[in-house]
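All chains are named by letter (A, B, ...) in the order of the sequence lines, taking the proteins before the strands, and each is independently numbered beginning at 1.
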2 protein chains.
Amino acid sequence: MTAAARPPRADAVRNRRLLLAAAADEFAEHGLDASVADIARRAGVGKGTVFRHFATKDDLVAAILTDRMDELHHRGEELLAAADAAAALHEFLTAAAGQRQERDLSFLAEAAGSMPEVAAARDRMTGTIDRIVDRAREEGVLRADITGTDVFLLMCAPNYIAGYVPDASPDLWRRYLGVILDGLRPEGARPLPAEAPTLA
Amino acid sequence: MTAAARPPRADAVRNRRLLLAAAADEFAEHGLDASVADIARRAGVGKGTVFRHFATKDDLVAAILTDRMDELHHRGEELLAAADAAAALHEFLTAAAGQRQERDLSFLAEAAGSMPEVAAARDRMTGTIDRIVDRAREEGVLRADITGTDVFLLMCAPNYIAGYVPDASPDLWRRYLGVILDGLRPEGARPLPAEAPTLA
DNA sequence: CATTAAACGGACCGCGCGGTCAACTTGGTA
DNA sequence: TACCAAGTTGACCGCGCGGTCCGTTTAATG
């Protein structure tokens, strides 16, 4: 029974927000090796404050990942309510790639992907993806042998591919999303040579 | 005019081979952060010996990358000589993904991708890819709007996608290569929303 | 064999990292 | 306004890294 703890102080709330933003920027610029000291400097706080809010660097990473996955989760729910099956799939993949184009933080998953709070956020998101994918398959706008897990895995590929091109157009990922979407259509699909995976 | 230097000693040749193999294993297991000390231990030599053969850690990375790219380059040349256009494209992509499935060292490119020797090896390889792709396009087994650079970029995606699945079947990448190959066929291709990139 | 330059090994160096701590400051409350 | 727990700070710690250096070993040569 957690007694009603007194609410956090205003400066603590502000600093937490500043830290998450600074950390996301710093990670995007320098990868996972961005140092806690630099993150603190960018947020305009002392290094000790970082560790007051996030016990370890991995906890900080986990908080960023969780936020981003929940963002996509909510976007997916909106699309399920508003868009038709084909458009929802297309828009969701576009939203996911767009988020990553703005700031590529995918490598953070490698550091904190197995933490429980991150896994929970991922499950929320994959649940939504499953619903989008099932609807698309049932309406015949997606090939029959593709699962929600497949789409979850394919989701990040366009940015990854475009990321190899230095000074690429910021829209290059759309090109490879186009190729993948063509590969996901039911017309002309050839049987896939390996079974659909499941996560954990 | 480099005067004929005396050939390297037998133990130096042997140690260089041992080091490259040990480094590839160590990088595959621990990523770019594999330490030079561990690599030396695995090769059964002292740490100083590593730096005698490779002035910096990046030079070691570059040597590994160069070897692997040249391997694919030669495989591509074989396929150009022996296989028909569609099979050559299919087989080349399979070979590239197979190499990476065995040992994923793609992240090394991020550390040494801009070194001249690595760039030269990459150019040799992309030259071969261009020939494979041009032939496939001309014979109508590849959609018209796809370039050699596109294929080079798409080449690594199947492993990347499958890499997100812990304990995945070692053949899972074939599934996503299948999706991409379907997306590369001329039949039913929709116009791509961004122009083909060029590398440097 | 004797000779010698090439190759080897591992103690050593400076650095920057993630994380700790105790002295200090400050927002909220009665 | 007086109080105090919550919050902040930056000097500090131990560690493991990439890279250096030099005394020792060894493969090649005539």
Spacing of [X] atom [atom1] relative to [N] atom [atom2], expressed in whole Å:
| X | N | atom1 | atom2 | result |
| --- | --- | --- | --- | --- |
| A:Arg41 | D:dT9 | CZ | C1' | 14 Å |
| A:Arg9 | D:dG7 | CZ | P | 6 Å |
| B:Asp33 | C:dG16 | CG | P | 17 Å |
| A:Ile39 | D:dG10 | CD1 | P | 17 Å |
| A:Asp58 | C:dG19 | CG | P | 7 Å |
| B:Lys57 | D:dG16 | NZ | P | 15 Å |
| A:Phe51 | C:dA22 | CZ | C1' | 17 Å |
| A:Phe54 | D:dG7 | CZ | C1' | 14 Å |

Task: Closest-nucleotide ordering on DNA chain C, the 5'-leading residue of A:Leu32 and B:Asp11 - done: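 With B:Asp11 and A:Leu32 compared, the 5'-side residue is B:Asp11.
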
Task: Closest non-hydrogen atom pair, A:Ala88 against A:Arg135 - done: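 Smallest heavy-atom distance, with atoms named: CB-NH2, 3.5 Å.
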
[N] phosphate, OP1 or OP2, under 4.0 Å from [X] side-chain N/O:
| X | N | answer |
| --- | --- | --- |
| A:His53 | D:dG7 | no |
| B:Ser35 | D:dG16 | no |
| B:Thr49 | C:dA7 | no |
| A:Lys47 | D:dG10 | no |
| B:Arg52 | C:dA7 | yes |

Task: Which residue lies more 5' along DNA chain D, comparing A:Arg14 with B:Pro7 via nearest heavy atoms - done: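 Between the two, 5'-proximity favours A:Arg14.
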
- [ ] Give the nucleotide from the list D:dT9, C:dG18, C:dG27 with an atom nearest to the side chain of A:Ala10.
- [x]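 Nearest listed nucleotide: C:dG27.
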
Task: Modelled atom types, side-chain donor and acceptor of B:Tyr176 and A:Asp150, under 3.5 Å - done: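 The criterion, which ignores hydrogens and geometry beyond distance, is satisfied for A:Asp150 and B:Tyr176.
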
Task: Any donor-acceptor pair under 3.5 Å from B:Arg175 side chain to A:Leu192 backbone - done: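 Not confirmed, B:Arg175 side chain does not pair with A:Leu192 backbone.
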
Task: Lys/Arg N to Asp/Glu carboxylate O, A:Arg131 vs A:Asp134, below 4.0 Å - done: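 Answer for the salt bridge query: no.
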
Open item on the list: With a 4.0 Å cut-off on N to O distance, would you call B:Asp182 and A:Arg185 a salt bridge?
Closed with: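 Answer for the salt bridge query: no.
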
TODO: Looking at every strand, decide which applies to A:Ala40 at a 4.0 Å heavy-atom threshold: base, sugar-phosphate, or nothing.
DONE: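 Answer is nothing: A:Ala40 stays at 4.0 Å or more from every strand.
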
